[in-house]
Amino acid sequence: MDPTTNLPTHMTMQSDLDALKSEAPSRVAAAASLDELADVEAEVVGKRSPIAEGRRGLGALPEDERGEAGRAINEGATELGALIAERRRLLEAAAHRAALAGDAVDVTLPGRAPNRGSTHIIQQVMDEVVDIFVAMGYTVATGPEAETEFYNFTALNFPYAHPTRLESDTLYLDYGDTPEEILLRTHTSPMQARYMEENEPPVYLVVPGRVYRADPLDPTHSPVFHQIEGLAVDTDITFGDLKGALEHFAIEFLGTDARVKFIPHYFPFTEPSAEMHVWHGDGWMELIGCGMVHPAVFEAVGYDPDEVTGFAFGMGADRLAMARHGITDMRHLFDPDIRNLEQHQ
Ligand code: DAH
């Protein structure tokens with residue numbers, strides 16, 4: 001300022017500019033971030049900077065000094081602007097590098113293995129049993145778990161007074177007024193009747209499914225368990241065919257050294273009836289209920305017992321899974337604890 005005119009003089013302008021040019025480079029260089037640099041830029045070349053003030057003061061200078069003063073200001077502004085631009089370029093590059101480094105994937109770290117599920121051991125048994133029969137040409141069908149008393153018992157030649165029809169053995173559903181009692185099927189055998197009603201012979205059928213009984217859960221019982229039903233009906237099926245098919249199954253499922261025996265038994269829907277037992281190292285285990293389809297069952301479904309014969313069989317999948325995995329308490333099969341499930345895969 002000229003103390004007499006209170007206006008900037010060429011001399012004061014030049015010295016302000018010189019001061020700015022000597023101190024600004026270190027301030028620009030010290031700006032550690034793009035934000036800090038923006039602040040420095042405002043102070044050095046912004047609206048209230050000595051540069052801007054100098055420009056505003058040019059008009060007050062004597063005419064012969066204006067040109068030189070203006071050039072000096074512009075030169076200073078250009079120099080400082082270039083310094084700031086260079087610093088900005090460096091800071092931007094550093095920020096970009098930091099962002100890339102933050103995103104980097106270290107391909108040398110060990111991967112995180114995904115948690116793989118597996119089918120339940122009961123399902124595995126059912127799938128394997130079904131596959132063995134499918135390989136022999138059998139078809140697969142499934143049926144309703146809520147079943148009528150007719151298909152579950154009557155069509156299968158259960159007498160009306162048969163004790164398993166009682167509520168102490170069978171879980172009945174309350175569907176109000178229905179022509180038939182509705183129950184939770186106690187076995188997969190009702191699908192024999194349902195399938196034959198809908199299909200002409202020959203029949204080669206397996207039926208995997210869930211079944212229910214009025215048993216409390218304990219080490220050897222469960223109110224829900226699983227069966228695989230089988231049915232073969234043709235013009236001249238014999239008990240020899242039954243033995244051949246089930247022995248073949250045992251060898252496929254248990255291995256070539258599997259030993260089986262058939263002992264007489266009773267089921268209302270087969271005559272004669274048998275149980276197939278298998279040797280499993282320390283004793284015989286009952287594996288399959290079976291027999292020749294009773295003529296009364298053929299009649300119930302509209303087949304002519306003089307035209308066709310057949311065999312049927314049923315086995316429990318839960319017991320097979322327990323034997324295979326050395327499980328002695330049935331409740332472990334239905335325990336949803338993941339640690340328990342992971343033990344047996
Ligand atoms: N349904 C019988 C049960 O649950 C098992 C069974 C036995 C099925 C003999 C059959 C068979 O098809 O022929 O105990």
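Since we're looking at a predicted model, the values are computed, not measured.
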message: Rounded at 0.5 Å granularity, tell me how far NE2 in His325 sits from CD in Gln343.
response: 11.5 Å
query: Do Val207 and Val301 share a hydrophobic cluster, counting only Ile, Leu, Val, Met, Phe, Trp and Tyr and linking them when any side-chain heavy atoms are less than 4.5 Å apart?
result: yes
query: Transitively linked via ILVMFWY side-chain contacts under 4.5 Å: Leu320 with Val140?
result: yes
message: Assigning hydrophobic clusters by single linkage (Ile, Leu, Val, Met, Phe, Trp, Tyr; side-chain heavy-atom cutoff under 4.5 Å), is Tyr138 placed with Ile251?
response: no
- prompt: How about Thr309 and Val293: do any of their side-chain heavy atoms sit closer than 4.5 Å?
  reply: no
message: Under the rule for salt bridge (charged side-chain N to carboxylate O under 4.0 Å, His left out), what residues qualify as partners of Arg116, not counting sequence neighbours?
response: none
task: Assign the ring pair Phe153 / Phe158 to parallel, tilted or perpendicular, where the plane angle (0 to 90°) is split at 30° and 60°.
output: perpendicular
message: Would the distance check show the side chain of Ser33 and the main-chain N or O of Glu36 forming a donor-acceptor pair, the cut-off being under 3.5 Å?
response: yes
query: Taking only residues at least two apart or on different chains, which pairs with a member in residues 149-163 satisfy salt bridge (charged side-chain N to carboxylate O under 4.0 Å, His left out)?
result: Glu149-Arg165
- prompt: Taking the side chain as C-beta and beyond, is there a heavy-atom pair between Phe269 and His187 under 4.5 Å?
  reply: yes
statement: salt bridge (charged side-chain N to carboxylate O under 4.0 Å, His left out) filter on Glu286, not counting sequence neighbours, yields Arg319
- prompt: Linking I/L/V/M/F/W/Y whenever any side-chain heavy atoms sit under 4.5 Å apart, do Leu287 and Leu242 land together?
  reply: yes
message: Donor-acceptor check, side chain of Glu299 to backbone of Pro305, threshold 3.5 angstrom: yes or no?
response: no
- request: List for me each residue that meets side chain to side chain contact (heavy atoms under 4.5 Å, CB included) alongside Asp318, sequence neighbours excluded, and say none if there are none.
  value: Ile122, Phe225, His226, Met330, Leu333, Phe334
- prompt: Are any of the side-chain heavy atoms of Cys290 and Thr270 separated by less than 4.5 Å?
  reply: no
Closest non-hydrogen atom pair, Pro208 against Ala141: CD-O, 3.6 Å
- request: Rounded to the nearest 0.5 Å, what's the gap from CZ on Arg185 to CG on Leu171? Could you check?
  value: 13.5 Å
- prompt: What side chain to side chain donor-acceptor pair (under 3.5 Å) pairs are there with at least one residue in residues 239-262, not counting sequence neighbours?
  reply: Thr238-Asp241
- request: Tell me whether Val233 is reachable from Met292 by hopping between hydrophobic residues (I, L, V, M, F, W, Y) whose side-chain heavy atoms are closer than 4.5 Å.
  value: no
message: Do Val40 and Ile84 have side chains that approach each other closer than 4.5 Å (heavy atoms only, starting at C-beta)?
response: no
statement: When every non-hydrogen atom of Ser49 is compared with those of Ala42, the smallest separation belongs to CB-O, 4.1 Å
task: Report yes or no: does Ser22 contribute a side-chain atom to a donor-acceptor pair with the main-chain N or O of Ala19 at less than 3.5 Å?
output: yes
task: Please list, chain by chain and in numerical order, all residues satisfying side chain to side chain donor-acceptor pair (under 3.5 Å) with His162, sequence neighbours excluded.
output: Thr164
statement: Here the pair of heavy atoms bringing Phe298 nearest to Gly310 is CZ-N, 3.9 Å
query: Heavy atoms, side chains only, cut-off 4.5 Å: are Phe253 and Val125 in contact?
result: yes
Side-chain donor-acceptor contacts of residues 193-204 below 3.5 Å, not counting sequence neighbours, with atom names and distances?
unit_1	atom_1	unit_2	atom_2	d
Arg194	NE	Glu147	OE1	3.3
Arg194	NE	Glu147	OE2	2.8
Arg194	NH2	Glu147	OE1	2.6
Glu197	OE1	Tyr151	OH	2.5
Glu197	OE2	Tyr151	OH	3.2
Asn199	ND2	Tyr195	O	2.9
Tyr204	OH	Asp234	OD2	2.6

- prompt: Donor-acceptor pair, Glu275 side chain versus His265 backbone, under 3.5 Å?
  reply: no
Nearest-0.5 Å distance, CD1 of residue Ile338 to CG of residue Asn115: 7.0 Å
task: Go through the steps to decide whether Val206 and Val129 satisfy the test side chain to side chain contact (heavy atoms under 4.5 Å, CB included), and finish with yes or no.
output: CA-CA 9 Å; Val206 276; Val129 171; 5.9 Å; no
- prompt: Under 3.5 Å, side chain of Ser273 to main-chain N/O of Phe267, donor-acceptor pair present?
  reply: yes
Pairs touching residues 214-230 that satisfy salt bridge (charged side-chain N to carboxylate O under 4.0 Å, His left out), sequence neighbours left out: none
query: Do Tyr172 and Glu167 have side-chain N/O donor and acceptor atoms under 3.5 Å apart?
result: no
Smallest separation among heavy atoms of Ala72 and Leu17, with atom names: O-CD2, 3.3 Å
task: Scan residues 74-88 for pairs that pass side chain to side chain donor-acceptor pair (under 3.5 Å), counting only residues two or more places apart or in two chains.
output: Glu41-Arg88, Arg55-Asn74, Glu86-Arg89
field: Centroid-centroid under 6.0 Å between Phe133 and Phe313 rings
entry: yes
message: As an exercise, state the distance from CG of Leu91 to CG of Asp35, rounded to the nearest 0.5 Å.
response: 10.0 Å
query: Among all residues two or more places apart in sequence or in another chain, which pass the side chain to side chain contact (heavy atoms under 4.5 Å, CB included) test with Ala38?
result: none
message: Does any part of the side chain of Arg324, heavy atoms only, come nearer than 4.5 Å to the side chain of Ile121, both counted from C-beta?
response: no
- prompt: Is there a side-chain contact between Val260 and Leu246 (heavy atoms, below 4.5 Å)?
  reply: no
query: Can you find a pair of side-chain heavy atoms, one from Pro219 and one from Thr328, that are under 4.5 Å apart?
result: no
message: side chain to side chain contact (heavy atoms under 4.5 Å, CB included), that's the test. Do Val44 and Ile51 meet it? Break it down for me.
response: CA-CA 7 Å; Val44 171; Ile51 300 264; 5.7 Å; no
Side-chain donor/acceptor pairs under 3.5 Å, residues 175-184, sequence neighbours excluded:
unit_1	atom_1	unit_2	atom_2	d
Thr178	OG1	Glu180	O	2.6
Glu180	OE1	Phe150	N	3.1

- prompt: Once you round to the nearest 0.5 Å, how far does CE of Met126 lie from CZ of Arg210?
  reply: 7.5 Å
Qualifying residues under side chain to side chain contact (heavy atoms under 4.5 Å, CB included), relative to Asp106, sequence neighbours excluded: Thr108, Leu109
message: If you compare all heavy atoms of Leu205 against all heavy atoms of Met191, which two are closest, and at what distance to 0.1 Å?
response: CD2-O, 4.2 Å
- prompt: Closest heavy-atom contact between Ala155 and Ala300?
  reply: O-CB, 3.7 Å
message: Once rounded to the nearest 0.5 Å, what's the spacing between atom CG of Leu341 and atom OG of Ser118?
response: 8.0 Å
query: Can you check whether Pro190's main-chain N or O pairs, donor with acceptor, with Asn152's side chain at less than 3.5 Å?
result: no
